[in-house]
Amino acid sequence: MSHIVVEEEGTGTLHVWALPTDEQTLLSLVKDIFEKYWEHIWFGVIIQGAAWEVAAPNAPERISLYDGYVTVDFGRWHFHLCIGEHTASGPELGRIRRCARAELYRRVGADGSPTSWGVRLFNGRDEQMMTVMLPNPFLTDRQQVLDPPDFTRLAAWDEIRATYLGLEPDPLDRTGKGFTHG
């Protein structure tokens, strides 16, 4: 499976791989990310003018599914994502709320080497629902610069690519020199 190259204003060049958007695949993806990697990721909504980079306070106490919504519950707070058929709001609003596009992405710098890796979900209006910033070989879990890079931190990226896209690790991912903002 090949990626597409996308130029996003304010973000830069992205390599993007489409993920399936059926409920079971997305539920499995959310569970994998939040049960296995919760202490190494940052997540939230990243749009022009706002970036919510949230770190989980602990492993989820519960991940459940009801009426198309997955709930990731950390105890004191939780979030919901519509990943399946949602019927309570009617068919039109249910279609808008449901994840219609899911993707793995890596941002690449001007030299063509990757600088960050993640997962994004978008609803039926193509509005961002969530970005998950996967562990980065150039940053610690507290987003401090790592020098030299620790490419073992690409384990989550490699596992998600293998599980959901059937892809082997890509040597390009280990060519970067450091983290840069878009």
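Only heavy atoms go into these numbers, but all of them, side chains included; no hydrogens, no water, no symmetry mates. Counting begins at 1 with the first residue of the sequence.
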Validation row: Ile63, Glu35 side chains within 4.5 angstrom (heavy atoms): yes
task: Check which hydrophobic residues are tied to Phe122 through side-chain heavy-atom contacts below 4.5 Å, counting indirect links as well, and list them.
output: none
- prompt: Side chains of Thr131 and Val119: does their closest heavy-atom pair fall under 4.5 Å?
  reply: no
ring-ring contact (aromatic ring centres under 6.0 Å, His included) involving Trp38 - partner list, sequence neighbours excluded: none
- prompt: Does atom CD of Glu9 have more than 12 heavy-atom neighbours from other groups under 6.0 Å away?
  reply: no
query: From Arg107 CZ over to Thr13 OG1, what is the distance, rounded to the nearest 0.5 angstrom?
result: 10.0 Å
- request: Working to the nearest 0.5 Å, report the span between CH2 of Trp157 and OH of Tyr37.
  value: 13.0 Å
message: Is the shortest side-chain heavy-atom distance between Val72 and His78 below 4.5 Å?
response: no
- prompt: If you group Ile, Leu, Val, Met, Phe, Trp and Tyr whenever their side-chain heavy atoms sit less than 4.5 Å apart, what else falls in with Leu172?
  reply: none
- prompt: How many angstroms lie between atom CD1 of Ile83 and atom SG of Cys99, to the nearest 0.5 angstrom?
  reply: 8.0 Å
message: Quick check: do Leu154 and Pro135 have side-chain heavy atoms less than 4.5 Å from each other?
response: no
query: Parallel, tilted or perpendicular for Trp77 and Phe74, by the 30°/60° rule?
result: tilted
- line: Contacts satisfying salt bridge (charged side-chain N to carboxylate O under 4.0 Å, His left out) that involve residues 19-28 (not counting sequence neighbours) are none
message: Once ring pair (Phe, Tyr, Trp, His ring centres under 6.0 Å) is applied, what residue pairs with a partner in residues 41-73 remain, sequence neighbours excluded?
response: Phe34-Phe43, Phe43-Phe79, Tyr69-His86
Point-to-point distance, once rounded to the nearest 0.5 Å, from NE2 of His3 to CG of Asp170: 8.0 Å
Note: Glu159-Lys36 ion pair, threshold 4.0 Å (strictly below): yes
statement: Cluster membership besides Val108, Ile/Leu/Val/Met/Phe/Trp/Tyr side chains within less than 4.5 angstrom, sorted by chain and number, is none
Gln128 vs Met130 side-chain heavy atoms within contact, under 4.5 Å: no
query: Taking only residues at least two apart or on different chains, which pairs with a member in residues 85-98 satisfy salt bridge (charged side-chain N to carboxylate O under 4.0 Å, His left out)?
result: Glu92-Arg95
message: Are the side chains of Ile4 and His15 in contact, using a 4.5 Å heavy-atom criterion?
response: no
Of all pairs that satisfy salt bridge (charged side-chain N to carboxylate O under 4.0 Å, His left out), the ones with a partner from residues 64-83, not counting sequence neighbours: Arg62-Asp73
task: Enumerate the residue pairs fulfilling salt bridge (charged side-chain N to carboxylate O under 4.0 Å, His left out) with a member in residues 132-151, sequence neighbours excluded, ordered by first and then second residue.
output: Asp141-Arg153
field: Any residue meeting side-chain hydrogen bond (donor to acceptor under 3.5 Å, both in side chains) with Glu39, in chain and number order, not counting sequence neighbours
entry: none
- request: Under the salt bridge (Lys or Arg N to Asp or Glu O under 4.0 Å) rule, collect the residues that match up with Glu61, sequence neighbours excluded.
  value: none
message: If I take atom CZ from residue Arg120 and atom CG from residue Leu19, how far apart are they, to the nearest 0.5 angstrom?
response: 11.5 Å
query: Would you say the side chain of Ile33 lies within less than 4.5 Å of the side chain of Ile41, judging by non-hydrogen atoms?
result: yes
field: Gap between atom CG of Leu27 and atom CG of Leu81 - 0.5 Å precision
entry: 11.0 Å
- prompt: Asp32: what forms a side-chain hydrogen bond (donor to acceptor under 3.5 Å, both in side chains) with it, not counting sequence neighbours?
  reply: Tyr164
